[in-house]
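Structure first, commentary second.
This structure is a prediction, so every number in the text was calculated from the model and none was measured. Numbered from 1 within each chain, the chains take letters A, B, ... in sequence-line order.
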2 protein chains.
Amino acid sequence: MTGSHPSRAERRQATEARILDAARRLFAEHGFDRTTIRAVATSAGVDPALVMQYFGSKRGLFARALEVVVEPPSGDGAEELIDQLLGGLGTKLGDLPDGTLATMRSMLTDPAAAEHARGTLGGQIGALSDALAGADDPGLRAALAITTIVGATIGYQILGLTELRGAPPERVAELLRPALRALTEPESERQR
Amino acid sequence: MTGSHPSRAERRQATEARILDAARRLFAEHGFDRTTIRAVATSAGVDPALVMQYFGSKRGLFARALEVVVEPPSGDGAEELIDQLLGGLGTKLGDLPDGTLATMRSMLTDPAAAEHARGTLGGQIGALSDALAGADDPGLRAALAITTIVGATIGYQILGLTELRGAPPERVAELLRPALRALTEPESERQR
DNA sequence: CCGTTTGGTCAACACGCGTTGAGCAATGAG
DNA sequence: CTCATTGCTCAACGCGTGTTGACCAAACGG
């Protein structure tokens, strides 16, 4: 067991995890540029040189910090996908994983983070687009649905808009649902 | 006139404008941290020291670069405001003023830019919220409408999502309109 | 018990940054 | 014409950064 007498390998893995945790937290809070390796090291109770030794470079550390599983949504109907997106929004307005927040914070200024974000969002858009295959402009509709979620997340998590922070996540999801539905429904069905 | 024999004052104002232009462009492209005073100076064909002399500090230059008139929308009905937002979106997807883009690029990492963005968006949200006074949660609805626009703008301008870049702005506005309408309409009116 | 591996630290380098003060050359006023 | 003003440049400082190589001590294998 990993308890009282940690072996060398266990210790090593533990400190590596501590560094990664600190990195995710700081990257999420300050973005790539404003986060220094020294700060990460200090926060992990470790020497800056060790961070380099384990992750090679600041970029390497950042790349590892972004490694967060973002499952592309899987569901048959468009309505089901919307539900999943809105459900995800619940957690996005609650305790968003630091890796994701770090990506959002840095994607506007760091090319690597932007690439990562494009990849992740691209997956989501692709899945949703497939589900909208029947409508016109499925790709565009899917993209707008995703950017709507992204916008709300940024407004809440990063800009801290008081109107959003004061509202319970379920209420936000409730208000957003008709909008997403309107976005994903061809006009002919709007009057039902 | 300002033509063949520029006076001293005219020359001075001209170079100041050149610096400010370069600053806006570079801040918009790379954000606050990645934009160096040296780069701005070079791009304006000027010595870095001159930038300091005119604007005091990098932050001072940034503050001046953000000074872009963003008129809070004025209109009586909610529908009218939505039209205005979507019209603005047209330009947002086309040639967004560099100052605004600089704000968006930097707002996720720079506190001053975030403050600026909160102020600007707050004005928009307030105006829209007033127009929605009849509905429930007017503030929240207004905030979500604005973040929807922001999300689309980020997706287009900064992330460069191919689905958005390939579409004509009018089409985007056309698809977004029902969504915004759904966001600003109380549920009772949805079935009309 | 000895030698080697290895998790970890220390001090330092090189570089780019924002910022500064002295200086230059052209313009303006008298 | 003269001299003060001023738009502008030059060279440099101080600092914080990412990154490196020498070093130490504890854990391991024989």
Side-chain angles (χ1 to χ4, degrees), chain A residues 1-23 26-27 29-66 102 106 109-113, chain B residues 1-23 26-27 29-66 102 106 109-113:
Chain A
M1 52 178 63
T2 63
S4 43
H5 282 300
S7 76
R8 192 133 74 169
E10 287 169 335
R11 276 198 159 283
R12 142 110 205 204
Q13 217 174 3
T15 61
E16 188 170 319
R18 249 170 39 234
I19 295 175
L20 215 47
D21 266 17
L26 292 178
F27 280 136
E29 193 169 351
H30 303 117
F32 181 80
D33 290 318
R34 301 254 168 122
T35 300
T36 78
I37 284 207
R38 281 168 164 87
V40 171
T42 300
S43 169
V46 144
D47 192 272
L50 193 65
V51 178
M52 297 300 297
Q53 199 175 139
Y54 283 177
F55 299 93
S57 68
K58 187 183 177 181
R59 297 224 75 91
L61 175 63
F62 187 57
R64 289 288 304 276
L66 295 190
S106 308
T109 45
D110 186 272
Chain B
M1 41 184 67
T2 64
S4 43
H5 281 299
S7 76
R8 193 130 74 167
E10 287 168 334
R11 276 197 161 283
R12 142 112 204 200
Q13 218 175 0
T15 62
E16 189 168 319
R18 248 169 41 231
I19 295 175
L20 216 45
D21 267 16
L26 292 178
F27 279 136
E29 193 168 352
H30 303 116
F32 181 80
D33 289 317
R34 301 255 168 120
T35 300
T36 76
I37 284 207
R38 282 168 160 88
V40 171
T42 300
S43 169
V46 144
D47 192 271
L50 193 65
V51 178
M52 297 301 297
Q53 200 174 136
Y54 284 176
F55 299 93
S57 69
K58 187 184 178 180
R59 297 222 76 90
L61 175 63
F62 187 57
R64 289 287 305 277
L66 295 191
S106 307
T109 44
D110 186 271

From C:dG18, C:dT9, D:dT19, pick the nucleotide closest to the side chain of B:T36?
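It is C:dG18.
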Looking at the side chain of B:A49, which of D:dT19, C:dG8, C:dG21 is the nearest nucleotide?
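Closest nucleotide among those given: C:dG21.
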[X] has an atom [atom1]; how far is it from atom [atom2] of [N], in whole Å?
X     : N      : atom1 : atom2 : result
A:M52 : C:dC10 : CE    : C1'   : 16 Å
B:D47 : D:dA11 : CG    : C1'   : 10 Å
B:E16 : D:dT6  : CD    : C1'   : 14 Å

Tell me whether the rings of B:F27 and B:F32 are parallel (<30°), tilted (30 to 60°) or perpendicular (>60°).
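Ring orientation, 0 to 90° scale: parallel.
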Classify the nucleic acid contact of B:Y54 as base, sugar-phosphate or nothing, counting any heavy atom under 4.0 Å across all strands shown.
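Contact class for B:Y54: sugar-phosphate only.
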Could you tell me whether B:R8 contacts a base, only the sugar-phosphate backbone, or nothing, with contacts defined as non-hydrogen atoms closer than 4.0 Å?
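B:R8: base contact, heavy atoms under 4.0 Å.
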With DNA chain C as reference, determine whether B:T35 or B:R11 sits nearer its 5' end, using the nearest nucleotide of each.
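With B:T35 and B:R11 compared, the 5'-side residue is B:T35.
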So which one's nearest nucleotide on DNA chain C is more toward 5', B:S7 or B:D33?
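Counting from the 5' end, the first nearest nucleotide belongs to B:D33.
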Taking side-chain contact (heavy atoms from CB on, under 4.5 Å) as the test, write out the residues that go with B:R38, two or more places apart.
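B:R38 satisfies side-chain contact (heavy atoms from CB on, under 4.5 Å) with B:T36, B:P48 only.
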Symbol by symbol from the 5' end, with Watson-Crick or G-U pairs under 3.5 Å, [ ] crossing and | another strand, DNA chain C is ||||||||||||||||||||||||||||||
CZ (B:R59) with more than 12 external heavy atoms under 6.0 Å:
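Result for CZ/B:R59: enclosed.
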